[in-house]
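For ligands, and for the atoms within them, numbers begin at 1 and follow the listed sequence.
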Amino acid sequence: MDTRPPETLVIIGSGPSAWTAAIYAARANLRPVVYEGEPSREMIPGGQLMYTTEVENYPGFIDGVTGPELMEKLRAQAIRFGTRVEQENIASVELGQHPFRLRPSYSDEIEALTVIVATGARANWLGVPNEERLAQLGGGVSACAVCDGALPAFRDKVLAVVGGGDSAMEEALYLTKFAKEVRLIHRRDELRASRIMADRVLKHPKIKPVWNTRVVDVLGYDEITGIRVENTVTGEKSDMPVGGLFIAIGHTPNTAFLNGQLDLTRHGYIKTPKAWRTATSVAGVFAAGDVMDDYYRQAITAAGTGCMAALEAERWLAHLGLGESPVLETAEAPVNLTQEWKAS
Ligand code: NAP
């Protein structure tokens, strides 16, 4: 166990909510440290926006901005005010005592007086045979067109995108830059996506919707050769040759590392019981962004909740007389702060 004094505020995550929380907290002299995570096949630091091309609805960017560029700017702004950044995941937490204990993937356990969980949500898979195996092999199956779509393997091929939401629309539109044709495979005959995105897709000459259809198998040994599909109305099965498969069927909030220590909704999002608040079921722990929001799920709303979480954390610390850092110069834990807050 490290003998460092507790961190005043640890922010877990690296999307718009995390960086906005860091900007506010750093400017309030809370000396935040952000655990931005490490890259993996399904997730790269920066969150879902790293998989987005044009962001046209983030206020202040008249001509739009790419997702990665927006994240780079938010991160740099947070660092400018003194935010420290660790390129590690937090693997597990102990929230039953105060200061809270956080275990990074590789380095020593740390303690924190307040925590903001801003870990976002990750892409879902269909769960059909060969899907994840081929995805891991780099064999033409992906949950991120923006990451993988420009690869030579997908050029001038017929590609399939699964899903009927805005993510599927984005992926399909993006892939038209490289593909010969994009088949949009949806299990119903009506899209869930916003009108503007759906219109763009349905009018695009390279995109062909395939309605009432679900993928039941991915064909190919080392690389995809096609997909087996089933008509959801007639039950009829057929094989469709494709050179790539992109899954865009929604996301699951990243809460596994919490190991049940925060109350979650029935869909697995962190509960923030009070309206217009980011406080969770554990006093001193706040949640922001897609990990607590299954309704808006926009970059700007994530940033908004990040701001709220930082302000709430600051007020919580002030209420406990911990205020501006340096907060505790010893490793001694304050006694039962969470109970004191609950009682107030
Ligand atoms: P979503 O809106 O939940 O859509 C998921 C889609 O996948 C639905 O069409 C759903 O079908 C389908 N689906 C789910 N499970 C499936 C399965 N097992 N097999 C086949 N199909 C399945 O998720 P999303 O598209 O990721 O969007 C999430 C949020 O982010 C939305 O609020 C969206 O507006 C927002 N977003 C915005 C933008 C943008 O503004 N540029 C871009 C991306 C996302 P059903 O329709 O039948 O349920």
Side-chain angles (χ1 to χ4, degrees), residues 15-17 42-43 46-59 61 63-71 120-132 135 141-147 149 160-175 183-202 204 207 209-218 227-233 237 240 245-254 265-269 289-305:
S17 56
E42 292 163 329
M43 191 61 71
Q48 295 297 313
L49 275 174
M50 298 302 282
Y51 308 129
T52 304
T53 41
E54 278 305 305
V55 181
E56 293 175 334
N57 51 12
Y58 199 92
F61 294 90
D63 302 316
V65 59
T66 68
E69 195 186 341
L70 178 60
M71 295 323 304
R122 68 177 59 226
N124 292 340
W125 294 96
L126 292 169
V128 299
N130 299 315
E131 177 194 35
E132 288 208 53
V141 178
S142 165
C144 177
V146 180
C147 319
V161 173
V162 183
D166 279 330
S167 299
M169 304 305 110
E170 276 229 354
E171 304 252 307
L173 286 165
Y174 182 76
L175 290 172
R183 307 249 172 104
L184 179 70
I185 298 177
H186 185 37
R187 61 186 178 183
R188 298 187 289 137
D189 62 359
E190 194 185 344
L191 295 174
R192 179 182 293 276
S194 58
R195 186 69 180 270
I196 185 167
M197 296 288 281
D199 281 352
R200 268 185 216 168
V201 161
L202 296 176
H204 200 289
I207 302 178
V210 184
W211 303 113
N212 297 321
T213 299
R214 65 190 193 100
V215 177
V216 292
D217 198 355
V218 185
I227 49 179
R228 185 153 298 150
V229 293
E230 181 184 76
N231 186 298
T232 55
V233 179
K237 287 198 176 89
M240 181 190 291
L245 175 65
F246 292 84
I247 313 295
I249 59 166
H251 299 87
T252 300
N254 294 315
T265 68
R266 69 193 171 93
H267 297 299
Y269 291 81
D290 284 7
V291 77
M292 51 76 84
D293 170 23
D294 67 350
Y295 186 72
Y296 297 107
R297 294 189 281 195
Q298 301 300 304
I300 188 65
T301 48
T305 53

D290 and G120 have their tightest heavy-atom pair at CB-CA, 4.0 Å

* Asked: So do the side chains of V128 and I227 get within less than 4.5 Å of each other, counting heavy atoms only?
  -> no

Counting from 1 in the order shown, the ligand 1 atoms closer than 4.0 Å to a non-hydrogen atom of R188 are 45 (P), 46 (O), 47 (O)

Honestly, for H251 the part within reach of ligand 1 (heavy atoms, under 4.0 Å) is side chain

Heavy-atom nearest pair, M240 first then I185, reads SD-CD1, 4.2 Å

Given the options L70, T66, V55, F61 meets side chain to side chain contact (heavy atoms under 4.5 Å, CB included) only with L70

Looking only at heavy atoms, the pair that brings P16 and A299 closest together is CB-O, 3.7 Å

Going by the 4.0 angstrom heavy-atom rule, the piece of H186 near ligand 1 is side chain

At under 4.0 Å between heavy atoms, what of V55 touches ligand 1? The answer is neither

Looking at L126, is its backbone amide N or carbonyl O close enough to the side chain of E131 to form a donor-acceptor pair, meaning the two atoms are under 3.5 Å apart? yes

Honestly, for N124 the part within reach of ligand 1 (heavy atoms, under 4.0 Å) is neither

* To do: Work out whether the distance between some heavy atom of M169 and some atom of ligand 1 is less than 4.0 Å.
  => no

### Query
Hey, is ligand 1 close enough to G164 that some N/O pair sits below 3.5 Å?
yes

Ligand 1 to N57, heavy atom cutoff 4.0 Å, flagged ligand atoms 40 (O)

N/O separation below 3.5 Å, Y295 to ligand 1:
no

Nearest heavy-atom contact between Y58 and A303 is OH-CB, 3.6 Å

Among A168, S167, A299, G165, closest by heavy atom to atom 24 (P) of ligand 1 is S167

Contact region, R214 to ligand 1, non-hydrogen atoms below 4.0 Å, reads neither

In short, V216 meets P129 closest at the heavy-atom pair O-CD, 3.4 Å

Ranking I196, I249, I185 by closest non-hydrogen atom to atom 18 (N) of ligand 1, top hit is I249

Review point. Is it true that a side-chain atom of E171 and a backbone atom of S167 form a donor plus acceptor pair closer than 3.5 Å?
Key: no

Note: heavy atom closest to atom 38 (C) of ligand 1, options D166, T213, L191, belongs to D166

